[in-house]
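Taking it in order: structure first as structure tokens, then the write-up.
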Protein chains: 2
Amino acid sequence: MSNPRSLLDVVATPCCAPLTRSPIGETDAERVAAMFRALGDPVRLRLFSNVASAEGGEACVCDIQDVGVSQPTVSHHLRKLREAGLLESERRGSWVYYRLAPSALRVMSDLLAPVDG
Amino acid sequence: MSNPRSLLDVVATPCCAPLTRSPIGETDAERVAAMFRALGDPVRLRLFSNVASAEGGEACVCDIQDVGVSQPTVSHHLRKLREAGLLESERRGSWVYYRLAPSALRVMSDLLAPVDG
DNA sequence: ACACCGTTTCGATGGTTGTCGATGTCGACA
DNA sequence: TGTCGACATCGACAACCATCGAAACGGTGT
């Protein structure tokens with residue numbers, strides 16, 4: 001625990017009260033929308049879920065790229081997920097491993113928290 | 001009140017295990033991605049938040065349409081949010097009132113539930 | 001019936017995005 | 001050093017989408 005606050009964390013933690021609490025501001029909306037938009041494509045959603053459900057919390061591209069599109073397209077989508085702050089990647093040897101950005105899930109889940117709790 | 005399980009509810013409730021649990025299937029991914037995509041536009045996100053945070057759980061279009069785009073565009077985005085199963089609308093007198101679809105928030109929040117709980 | 005107010009639909013347009021094949025980069029291994 | 005395999009980037013194309021103005025629609029009140 002307590003990695004000293006990575007860049008990805010900063011990117012993924014921008015926000016704000018739950019959407020149900022108070023109207024989201026114009027600038028926050030831009031940033032949060034980008035995160036949701038990243039999950040708004042079926043291929044990206046499957047890639048994200050493949051990584052999120054992988055044993056050990058990470059997977060190399062070769063293990064998750066079987067989603068019905070070409071290899072460059074997979075790479076393109078993984079980049080989008082990285083840029084949205086949802087995934088991190090690291091090269092080890094010949095392979096590139098992807099894992100969830102630490103706070104990504106919590107941030108989005110909190111934004112969508114139902115009204116009462 | 002208490003509409004007896006609307007079509008919107010059916011659309012919004014289908015799914016599936018958290019994304020972190022097991023890889024989401026191809027058809028589920030299509031449907032879930034559509035929900036996230038609906039929130040993936042800044043204007044829509046603000047409209048959604050405006051409705052979600054409104055007192056009494058609902059608001060008429062005239063109360064939430066101040067998001068910097070023309071009125072037909074507002075209507076266009078509200079339709080997208082309706083079609084995604086996130087909002088419901090009802091006409092009363094001259095005005096149309098929007099409110100959250102009952103299970104929309106819980107469904108999405110559950111999908112994004114962090115790994116341990 | 002009529003005029004008014006607010007919502008929805010329509011058609012056009014410019015920008016964004018998903019997809020691919022070809023090519024480039026980086027590490028491993030011989 | 002040269003080759004191979006794993007990913008990333010590039011350039012191009014087609015499909016999609018947000019946006020607008022204009023026009024049609026649907027209730028309300030006079």
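Below, each value reflects all heavy atoms present in this structure, side chains not excepted, and no hydrogens, waters or symmetry copies. Below, read A as the first sequence line, B as the second, and so on, with proteins coming before strands; counting in each chain starts at 1.
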Would you confirm whether B:Arg44, through its side chain, and B:Ala38, through its main-chain N or O, come within 3.5 Å as a donor-acceptor pair?
yes
From CG of B:Leu78 across to P of D:dA18 the rounded distance in Å is 13 Å
(request) Could you check whether A:Cys60 gets within reach of a base, just the sugar-phosphate, or nothing at all, counting any heavy atom under 4.0 Å? (result) sugar-phosphate
Of B:Ser75 and A:Ser70, the one whose nearest nucleotide on DNA chain C sits closer to the 5' end is B:Ser75
Rounded to whole Å, the CZ-C1' distance (A:Arg37 to C:dG18) equals 14 Å
For a quick check of understanding: with a heavy-atom distance under 4.0 Å over all strands, which category does B:Val74 fall into, base, sugar-phosphate or nothing?
nothing
Among C:dT7, C:dT8, C:dC20, the one nearest any side-chain atom of A:Pro72 is C:dC20
| task | List the steps and the verdict of side chain to side chain contact (heavy atoms under 4.5 Å, CB included) for A:Glu90 and A:Val96. | result | CA-CA 6 Å; A:Glu90 177 194 357; A:Val96 175; over 6 Å; no
Quick check on D:dA8: is either OP1 or OP2 less than 4.0 Å from any side-chain nitrogen or oxygen of A:Tyr98? yes
Contacts of A:Val43 and B:Ser94 projected onto DNA chain C by closest heavy atom; the upstream (5') one is B:Ser94
Taken to the nearest whole Å, CD/A:Glu83 to P/C:dG18 is 12 Å
Rounded to whole Å, CZ of A:Arg92 lies from P of D:dC7 at a distance of 12 Å
> Is there a donor and acceptor pair closer than 3.5 Å between the side chain of A:Gln71 and the base of D:dA8?
Replying inline: yes
Rounded to whole Å, CD of B:Glu90 lies from C1' of D:dG27 at a distance of 15 Å
Of D:dT9, D:dT19, D:dA22, the nucleotide closest to the side chain of A:Arg79 is D:dT9
Taken to the nearest whole Å, CH2/A:Trp95 to P/D:dG5 is 12 Å
Does B:Glu26 CD have over 12 foreign heavy atoms under 6.0 Å away? no
(request) Examine C:dT17: is either OP1 or OP2 under 4.0 Å from a nitrogen or oxygen in the side chain of A:Lys80? Give yes or no. (result) no
Atom NE2 of B:His77 and atom P of C:dT7 are separated, to the nearest Å, by 16 Å
ILVMFWY cluster, B:Val107 and B:Leu105 together (side-chain gap under 4.5 Å):
yes
One should read off an interatomic distance between A:Leu47 CG and A:Leu86 CG, to the nearest 0.5 angstrom, of 12.0 Å
In whole angstroms, the gap separating C1' of D:dG5 from CZ of A:Arg91 amounts to 10 Å
Next on the checklist: Less than 4.0 angstrom between a side-chain N/O of B:His76 and OP1 or OP2 of D:dA18, yes or no?
Outcome noted: yes
Of the candidates D:dT9, C:dT19, D:dT19, the side chain of B:Asp41 sits closest to D:dT19
- Message: Looking at A:Thr73, I'd like to know whether one of its side-chain N or O atoms comes within less than 4.0 Å of OP1 or OP2 on C:dC20.
- Response: yes
A:Ser89 side chain to A:Tyr98 backbone, donor-acceptor under 3.5 Å:
no
Side-chain contact check for A:Val69: nearest option of D:dC7, C:dC20, C:dT8 is C:dC20
- Message: Counting the atoms with a prime plus P, OP1 and OP2 as sugar-phosphate, which does B:Arg44 contact under 4.0 Å by heavy atoms, base, sugar-phosphate, or nothing?
- Response: sugar-phosphate
